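Residue numbers start from 1 in every chain, and the chains themselves are labelled A, B, ... in the order their sequence lines are given, proteins ahead of strands. Note that this is a predicted model, so its numbers are computed, not measured.
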Protein chains: 2
Amino acid sequence: MKAHIRYRPLIRNLRSTTEIAEEGIRQLLELPMIEQEVDKGYEVVHEGDHPTRCCLVLEGFAFRYRILVDGSRQIVAFNVPGDLPDLQSLHLKRMDHALATLSPARLAFIPHGALRDLTRKNYGVADALWRRTLIDAAILREWVTALGRKPAPARIAHILCELMARLSIVQLGNKSQVRLPVTQNELADALGLTYVTINRTLQDFSRAGIVDFRHQVLTIHNWPELQRIAGFDPDYLHLTCPLPKWGPF
Amino acid sequence: MKAHIRYRPLIRNLRSTTEIAEEGIRQLLELPMIEQEVDKGYEVVHEGDHPTRCCLVLEGFAFRYRILVDGSRQIVAFNVPGDLPDLQSLHLKRMDHALATLSPARLAFIPHGALRDLTRKNYGVADALWRRTLIDAAILREWVTALGRKPAPARIAHILCELMARLSIVQLGNKSQVRLPVTQNELADALGLTYVTINRTLQDFSRAGIVDFRHQVLTIHNWPELQRIAGFDPDYLHLTCPLPKWGPF
DNA sequence: CGCGTGGTTGAACTCTGTCAAACGAGGTGG
DNA sequence: CCACCTCGTTTGACAGAGTTCAACCACGCG
């Protein structure tokens, strides 16, 4: 049985957003997967690639990004364990962005053919996966809103809230201190800011006793205030169950 | 037969991005639809609604947006004829944003039940619709990139390129002059800018002989230059056929 | 012909970026 | 075990893109 502890994040991820049946989960886990351990900074797929398999993050963090002609980078998503970062490649042949790891990671690869066959056989699974891609789009709408209409402190607070919420779903962040393998430079490239602004704003947060983010460890001191600054409302994550109850939440 | 001329944009929209079969198109058009003519500014669905049907734009423009606590607005999508703006509501119960018309419009509404039944019966249709929602996500990634890393002139040029491309797909924009029922204020709320900046930048474009956008009529004088300023590459629209050949393209 | 919506203009201001340098913790090899 | 290197962070001075505020204009419509 493949229901190894390493697959729990995926199961929790799917269960938190859909009413997927036990049977569907089982069939998903029985798909032929190739596991691989990779270093930080490993490029899983490049912009322009035509992948023949989907990536599943088992451990570690990944991110998706584009490089502009002037050399600047925009990160369009962070991915935590349990995520299927390039699930869209099942239906969009060409990658319009790249996928790489933010930390040492354990990945699993599922061939498109097998996955597509399963979506034809079991539309509970198909719906669950479609729904996952729609939630990714909802997260992108939230990012557009933050980039378009929120000042730097709100953007930074928002991404911290989002990452905490998503980690707590897969039960990797249900405590007030969490390791986030994200540099200030990467935060900047996700939020449309520079690392200098990230640094100064994080210092403001620290001085105000809201959060500390040092050496890639995030410590939350005042969750309500962080949420208020961010204007964070987890509705856009479309969870079917409430966020776990712990300190912050 | 429902294959009225009014449904051509939908057909062209689907055909331009998927290899959907004749049979699938026919079954889609045979779904029970209720047509409705509405004024400019009609609120189709509100944030927080639980729609039971999907909206199809037959004529006119629509847009999707969110209102922040401070009263500011972020537009997260523009929709042209042939679009299914809230197709995601098939799998995400709660609307995380609102949908309204930018101009007088003719809409059609398809009950979720009938649409879901069709996706179960014909997975060519299911794949085509899933793919459409994935392309919407790709457009959002492009917007995130523009908002995060492009200066005002590039953002404005980009949205103009995108709208021209999308209109030309449904053969409503394959000329160098097009009516875009979008105010400068609405452009600003989509691009994370203020209407003052939009106005000044559009004047710069006009003076430079690139485009004129006056009285909601867009006239393109120098498409290559507009595309260059925008950093516009239509790959992210994932078209299966090249953009129509006309002046600009 | 008056009102409203959308567009235009100018001046002051401010957030965030740019540039440039220094610091510090962790890892590596001599 | 220490020198050294690298990556990420921190700091300061300055600049500038875009905002804010506050008018004013112009066209269309009842």
Side-chain angles (χ1 to χ4, degrees), chain A residues 39-41 61 63 68 70-75 100-104 146-159 179-207 211-219 229, chain B residues 39-41 61 63 68 70-75 100-104 146-159 179-207 211-219 229:
Chain A
D39 284 339
K40 164 185 163 140
F61 280 52
F63 72 117
L68 309 210
D70 68 355
S72 62
R73 176 177 68 168
Q74 177 65 44
I75 294 179
T101 53
L102 272 176
S103 70
L147 292 183
R149 286 289 177 243
K150 291 184 184 180
R155 285 188 223 176
I156 297 171
H158 191 278
I159 195 73
R179 193 179 130 69
L180 287 184
V182 179
T183 67
Q184 298 184 359
N185 193 29
E186 286 150 358
L187 278 185
D189 283 347
L191 299 176
L193 299 167
T194 59
Y195 60 84
V196 176
T197 302
I198 301 285
N199 185 276
R200 290 182 173 141
T201 308
L202 283 176
Q203 287 180 55
D204 291 344
F205 284 171
S206 180
R207 263 179 249 116
V211 297
D212 264 300
F213 186 44
R214 309 181 76 79
H215 312 303
Q216 310 197 338
V217 172
L218 178 67
T219 310
I229 293 171
Chain B
D39 284 340
K40 165 186 163 137
F61 280 54
F63 72 117
L68 309 210
D70 68 356
S72 62
R73 175 176 69 168
Q74 177 65 45
I75 294 179
T101 54
L102 271 177
S103 71
L147 292 184
R149 286 287 177 245
K150 291 185 184 179
R155 286 188 222 175
I156 297 171
H158 191 278
I159 195 74
R179 194 179 128 68
L180 287 184
V182 180
T183 66
Q184 298 185 359
N185 193 29
E186 286 149 358
L187 277 186
D189 283 349
L191 300 177
L193 299 167
T194 60
Y195 58 84
V196 176
T197 303
I198 301 286
N199 186 279
R200 288 179 177 147
T201 309
L202 283 176
Q203 288 180 55
D204 291 344
F205 284 173
S206 179
R207 261 179 251 115
V211 296
D212 264 299
F213 185 44
R214 308 181 77 79
H215 309 122
Q216 311 197 336
V217 173
L218 178 68
T219 311
I229 293 171

Q. If an axis is fit to five pairs at each end of the helix from C/dC1-D/dG30 to C/dG30-D/dC1, what is the angle between the two, to the nearest 10°?
A. 30°

Can you tell me the distance, in whole Å, between the [atom1] atom of [X] and the [atom2] atom of [N]?
X        : N      : atom1 : atom2 : answer
A/Leu102 : D/dC7  : CG    : C1'   : 15 Å
B/Leu191 : D/dA17 : CG    : P     : 18 Å
A/Asp212 : D/dT10 : CG    : C1'   : 15 Å
B/Gln184 : D/dC25 : CD    : P     : 18 Å
A/Arg179 : D/dG8  : CZ    : P     : 12 Å
B/His215 : D/dC25 : NE2   : P     : 16 Å
A/Asp204 : D/dT10 : CG    : P     : 12 Å
A/Leu202 : D/dT10 : CG    : P     : 8 Å

Q) Does the side chain of B/Thr197 come within less than 4.5 Å of B/Gln184's, by heavy atoms? A) no

(Q) Just so I know, are the side chains of B/Phe213 and B/Leu180 near enough to count as touching, which here means a heavy-atom distance under 4.5 Å? (A) yes

Under the side-chain hydrogen bond (donor to acceptor under 3.5 Å, both in side chains) test, residues paired with [X] that sit two or more places apart:
X        : result
A/Ser103 : none
A/Thr201 : none
B/Asp70  : B/Ser72

Q | Which residue lies more 5' along DNA chain D, comparing A/Val182 with A/Arg149 via nearest heavy atoms | A | A/Val182

Q: Under 4.0 Å from any heavy atom of chain B: name the first and the last nucleotide of DNA chain C that qualifies, 5' to 3'.
A: C/dG6 to C/dA11

Among all residues two or more places apart in sequence or in another chain, which pass the side-chain contact (heavy atoms from CB on, under 4.5 Å) test with [X]?
X        : value
B/Ala190 : B/Ile75, B/Phe78, B/Trp143
B/Asp212 : B/Ser206, B/Arg214, B/Thr219, B/His221
B/Asn185 : B/Arg73, B/Thr183, B/Asp189, B/Tyr195

Q) B/Arg155 side chain to B/Leu191 main-chain N or O, any donor-acceptor pair under 3.5 Å? A) yes

Q) For residues 192-201 of chain B, which residues have at least one heavy atom under 4.0 Å from DNA chain D? A) B/Gly192, B/Leu193, B/Thr194, B/Val196, B/Thr197, B/Arg200

Q | Where at least one partner belongs to residues 192-203 of chain A, residue pairs that pass salt bridge (charged side-chain N to carboxylate O under 4.0 Å, His left out), sequence neighbours excluded | A | none

Q. How would you list, by chain and number, every residue that makes a ring-ring contact (aromatic ring centres under 6.0 Å, His included) with A/Phe63, sequence neighbours excluded?
A. A/Tyr65

Q.
For a quick test of reading the model: is some side-chain N or O of A/Arg214 closer than 4.0 Å to OP1 or OP2 of D/dT10?
A. yes

Q: Give B/Gln203 one of three labels, base, sugar-phosphate or nothing, depending on what nucleic acid heavy atoms sit under 4.0 Å from its own.
A: sugar-phosphate

